[in-house]
Amino acid sequence: MNATVKSIFIVASISLCIISAANAQKYSTKNGKISFFSQTTAEKIEAHNNQVNSALDISNGDFVFKVLIRGFEFEKALMQEHFNENYLESDKYPNSIFKGKITNIKDINFTKEGKYNVMAEGNLTIHNVTQKVSVKGALEVKGGDILADTKFNVMLSDYNIKIPNTVINNISESLEIKVNVALKKLNN
Amino acid sequence: MMTKKLFALAVLSLSMTWGHVYAQDLMDMLGDDKPKTEFAYATFKTTRIVNGQSIENPASGNLLFMISHHFGAVNSGAYNFFGLDQSTIRLGLDYGVNDYLSVGIGRSSWLKTYDASFKLKILRQSSGERIMPVSLSLYSSIALESYKQDPTRKNYFTSRLAFTNQLLIARKCSNALSLQLTPTFIHKNLVHTAVSQNDIYSVGLGGRYKLTKRLSLNAEYFYLLPGNTADTYVNSFSVGIDIETGGHVFQLHFTNAQPMFDRAFITETTGKWTKGDIFFGFNISRIFTIKKPKGFKS
């Protein structure tokens, strides 16, 4: 084996290492959980979705959440029907997407187990309307996985979701959204 | 030469790998590659189109209470306040046993009739991975007339009974338009005259068109196949609106059928639209969640 071939092999193997390192920076899940809550004096409404798709790149803090609107489950079947048919119009806008960046990703030591507070900024798309949002949350490095959770509020009017007068006392204008995902390292 | 080839190969494979890795957006990693089967829902707003059954069942664990009310004939004059003095009523309860089966009971003032029914979903309209163009359900009901019978003859309990069997074939054509075809077979144990039919066939056609998100226009027609019944009675035709308010659905309608249970409105309708012999009526339905779904036990 001459020197050139050797050097090619070296370059190639180094590059491959870098590539796998780049992939090792990515974490994802297909069964994250998002819940939302509406509370008024007349009625308490909650819905859960356990099939949230999410991915995080810890090298730069980029993340994305994608959730199927039809996947939200309510206590009352009729509410679920109205949620899809009248409010979110899930046949026209089947998904909601949150795409953003963890701004303080550099403060997190992913090699050490522990819980870290994080700040995130991004674009949240619901009902085909995109708004800039910034949220506070927590990341926990545990057993090679990353557990992320956050809680924030959205205003229905920001996303062009109208509450008819007949149920104005039953649905809160501001919804609390809870996000809870366990991201696993991506294996390529 | 060998070196050159190796070099080219290495560069090529590397560039491919690099390209692959870096073109891969986080979004692509989410991988919702497979098209899922999506079932049509809310083909109609409630379990009835007007008088007749729609493809809808109460959801699993839900109890639906329906008050159906028809006033008297509109052409009965100012003395009867155009029918509003008079009323015919049916109270009904339907329960969703599971995602496929619902059972119901009812009591009508018309001939003091009790009824019991079930509705079973056989096919569900779907798109995506599995495509099914229509939803199909089987509906079956028994009507028990408790009206006092003629005491001068021997009466049997069975002669009070009538049976209705329907196939409900529905398609949600768009978000606004839904159509339903309802082949119907009715058997009456006892009929009034020797020439009256015990077995009656009818075909129902119904539909709804949503005018707004919460308001729809409904219509329904039951065609009686030729025979003594078709000669003696008229085909039932009804038109109305559905108003959905959240927990309730209000159905307001005009119909030429005074009673609201299957046997009577399909095979014993006498009102003629052309003479104004029609009835104003409404159904009010309210849903109660009896059994909460998993994860909502609190």
Side-chain angles (χ1 to χ4, degrees), chain A residues 1-5 7-9 11-12 15-16 18-20 22-23 26-30 43 46 48 50-57 62-66 68 70 73-82 84-87 89-92 94-95 97 99 162 164 166-167 170-171 186 188, chain B residues 2-4 6-11 13-15 17-18 20-22 24-32 36 38-42 45-46 56-62 64 96 99 127 172 174-175 210 212-214 243-249 286-289 292-298:
Chain A
M1 206 181 268
N2 66 36
T4 329
V5 177
S7 63
I8 288 166
F9 273 118
V11 169
S15 311
L16 279 170
I18 293 170
I19 290 162
S20 42
N23 264 335
K26 287 178 179 148
Y27 288 74
S28 75
T29 183
K30 283 181 179 179
E43 193 153 21
E46 59 177 276
H48 306 284
N50 297 317
Q51 288 161 338
V52 176
N53 282 308
S54 176
L56 169 70
D57 185 339
D62 282 350
F63 67 83
V64 56
F65 287 89
K66 188 173 178 186
L68 199 65
R70 283 283 292 267
E73 290 176 358
F74 288 68
E75 181 177 334
K76 295 180 181 173
L78 204 61
M79 256 178 206
Q80 191 167 324
E81 183 179 312
H82 295 162
N84 281 291
E85 198 186 5
N86 299 339
Y87 295 93
E89 303 177 86
S90 60
D91 54 325
K92 271 191 270 180
N95 294 298
I97 288 167
K99 204 173 175 187
K162 292 186 188 77
T166 48
V167 290
N170 300 73
I171 302 174
L186 195 74
N188 260 28
Chain B
M2 181 71 179
T3 327
K4 241 185 194 170
L6 263 177
F7 185 71
L9 196 70
V11 168
S13 62
L14 273 177
S15 58
T17 333
W18 277 104
H20 173 69
V21 168
Y22 281 93
Q24 193 187 24
D25 185 36
L26 275 182
M27 205 68 190
D28 303 329
M29 285 171 47
L30 298 183
D32 35 7
K36 288 188 180 129
E38 283 213 11
F39 294 102
Y41 67 98
K45 286 201 185 294
T46 185
E56 297 296 333
N57 285 17
S60 176
N62 282 11
L64 182 142
D99 290 338
S127 59
K172 189 176 187 179
S174 71
N175 207 18
K210 271 167 82 179
T212 71
K213 278 181 191 168
R214 294 173 179 84
I243 306 163
E244 171 200 292
T245 62
H248 294 91
V249 177
R286 168 85 206 183
I287 293 267
F288 300 94
T289 304
K292 293 178 181 179
K294 281 176 203 157
F296 290 96
K297 299 295 179 203
S298 55

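Order of the sequence lines sets the chain letters (A, B, ...), proteins ahead of strands, with each chain counted from 1.
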Check your understanding: Do you know which of K92(A), E85(A), H48(A) has the most heavy-atom pairs under 4.5 Å to chain B?
Key -> E85(A)
Point to revise | N170(A) versus chain B, the contacting section by heavy-atom distance below 4.5 Å | key: neither
Check your understanding: What is the minimum heavy-atom distance between N95(A) and L68(A), and which atoms define it?
Key -> OD1-CD1, 3.3 Å
Review point. Should F63(A) and S28(A) count as side-chain neighbours, where that means a heavy-atom distance under 4.5 Å?
Key: no
Practice item. Measure distances from I97(A) to the heavy atoms of chain B and classify the residue's part below 4.5 Å as side chain, backbone, both or neither. Key: side chain
Exercise for review: Please look at K99(A) and chain B and tell me whether the side chain, the backbone, both or neither of the residue comes under 4.5 angstrom of a heavy atom of that chain.
Suggested key: side chain
Study note, to complete from the structure: On a heavy-atom basis, the closest approach of L78(A) and G246(B) is CD2-O, 3.4 Å
Review point. Step by step, would you call E81(A) with K45(B) a salt bridge (charged side-chain N to carboxylate O under 4.0 Å, His left out)?
Key: CA-CA 10 Å; E81(A) 183 179 312; K45(B) 286 201 185 294; over 6 Å; no
**Study point:** Region of N86(A) in contact with chain B, defined by heavy-atom distances below 4.5 Å
**Key:** both
**Study point:** Most contacts with chain B, counted as non-hydrogen pairs under 4.5 angstrom, among D91(A), I171(A), V167(A)
**Key:** D91(A)
**Study point:** Residue E89(A) versus chain B: region with a heavy atom under 4.5 Å
**Key:** side chain
Exercise for review: For the residue pair N175(B) and K210(B), establish whether any side-chain heavy-atom pair is separated by less than 4.5 Å.
Suggested key: yes
Point to revise | K172(B) charged N/C atom sitting above Y41(B) aromatic ring, 6.0 Å / 45° | key: yes
Revision key, fill the gap. Among Q80(A), E73(A), H82(A), the residue with the most heavy-atom pairs under 4.5 Å to chain B is H82(A)
